[in-house]
Number of protein chains: 4
Amino acid sequence: MKVIADISVVPIGVGVALSKYVAACEKVLEDAGLEIRLHAYGTNIEGEWDDVFAAIKRCHEVVHEMGAPRVSTVIKVGTRTDRPQTMDDKVRSVESKVSK
Amino acid sequence: MKVIADISVVPIGVGVALSKYVAACEKVLEDAGLEIRLHAYGTNIEGEWDDVFAAIKRCHEVVHEMGAPRVSTVIKVGTRTDRPQTMDDKVRSVESKVSK
Amino acid sequence: MKVIADISVVPIGVGVALSKYVAACEKVLEDAGLEIRLHAYGTNIEGEWDDVFAAIKRCHEVVHEMGAPRVSTVIKVGTRTDRPQTMDDKVRSVESKVSK
Amino acid sequence: MKVIADISVVPIGVGVALSKYVAACEKVLEDAGLEIRLHAYGTNIEGEWDDVFAAIKRCHEVVHEMGAPRVSTVIKVGTRTDRPQTMDDKVRSVESKVSK
């Protein structure tokens with residue numbers, strides 16, 4: 001089952017500067033061979049369900065290992081059975097209609 | 001790794017009445033032996049990471065099998081390494097401070 | 001426009017114990033006269049759009065005043081024009097189908 | 001109060017093709033003079049709290065006017081009092097740490 005997902009990982013109890021934890025999580029996702037796009041409030045991910053969620057679990061483990069006692073993550077995950085769709089397809093589909 | 005999670009599952013392309021799909025997903029979570037609490041915008045879940053996410057994957061499969069061509073789910077997932085905490089602990093901790 | 005919403009407020013940079021901030025936010029919502037239900041990963045809210053979002057803004061202000069330098073909140077908000085629906089309606093609708 | 005937000009709007013009861021509704025919402029955000037960035041699972045928004053939330057309310061109204069009987073939106077909103085930060089700052093801060 002193919003998914004398009006979006007995650008935003010919030011380490012809690014490590015102060016106010018969170019980007020090094022987010023960067024560590026980006027590396028986990030990249031090392032897992034997933035297609036990703038960083039944005040200003042999270043990261044888009046494309047891949048197989050099991051690969052995507054194994055990588056998100058690894059993110060939690062890595063952020064805890066870096067010293068965060070709590071991690072709270074928001075995940076959006078979409079699946080569809082009617083037709084294949086990539087992240088780029090989704091963005092292009094909206095952009096083509098905005099520009100009209 | 002123990003988690004407290006929250007999911008809201010939105011089937012897309014099956015009209016406006018979604019409760020039968022949400023109910024099917026509740027049954028999946030219950031059958032997986034997970035501790036759950038239904039609320040007005042989703043379901044709280046407590047369990048081991050792998051069990052929780054296997055059940056969420058099964059929810060997507062079941063909702064697709066019921067005829068939904070697209071499913072979009074929002075998952076919040078929290079883990080902590082400093083101390084154990086249940087869903088009831090979280091609610092009580094806030095309630096004790098509200099009532100003061 | 002009537003809404004059913006759900007919020008989870010995460011203060012960042014104030015350590016690992018967040019319940020006093022969440023409790024302060026509950027009080028803001030109650031003082032605004034909104035119908036609310038606390039759960040283990042947030043709070044359900046029912047009310048008019050403008051009242052609900054004014055109260056959420058006030059939550060951010062109060063949590064900052066309590067000393068949190070950053071606040072990140074997840075809001076889910078649902079509106080419908082086909083028929084009125086309360087939080088209790090939503091829960092009952094799912095529960096009646098689970099028990100079958 | 002300046003915010004960085006992220007929204008994903010899901011019209012319910014209008015079938016499986018949602019991009020025209022998302023595009024209409026993009027236009028609402030642009031017409032409101034907000035800084036926005038479309039991605040594959042939503043849209044980042046930067047602006048003043050009141051302007052951002054007035055535009056999100058207008059999105060719901062417009063999507064209902066287009067025929068959707070239900071709309072469910074996920075909003076993430078972050079505020080900070082320690083220092084100003086733009087969407088581009090957030091992305092650059094992570095990217096600089098990933099590339100190390």
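Numbered from 1 within each chain, the chains take letters A, B, ... in sequence-line order. Keep in mind it's a predicted model, so treat the numbers as computed, not measured.
For the pair C/Asp50 and D/Phe53, the minimum side-chain heavy-atom distance is 4.5 Å or more.
For chain D, no part of C/Ala5 is nearby; none of its heavy atoms comes within less than 4.5 Å.
The greatest number of non-hydrogen atom pairs below 4.5 Å with chain D, out of C/Asp82, C/Val71, C/Val74, is found for C/Val71.
Atom NE2 of D/His64 is separated from atom CZ of C/Arg80 by 9.5 Å, given to the nearest 0.5 angstrom.
For the pairing with C/Thr79, the side-chain hydrogen bond (donor to acceptor under 3.5 Å, both in side chains) check across D/His60, D/Glu61, D/Arg70 returns one residue only, D/His60. Of the residues listed (D/Ile7, D/Val77, D/Ile56), the one engaging C/Ile75 in a side chain to side chain contact (heavy atoms under 4.5 Å, CB included) is D/Val77, and it is the only one.
Crowding of C/Lys2 atom NZ: a count of heavy atoms from other residues, nucleotides or ligands under 6.0 Å exceeding 12.
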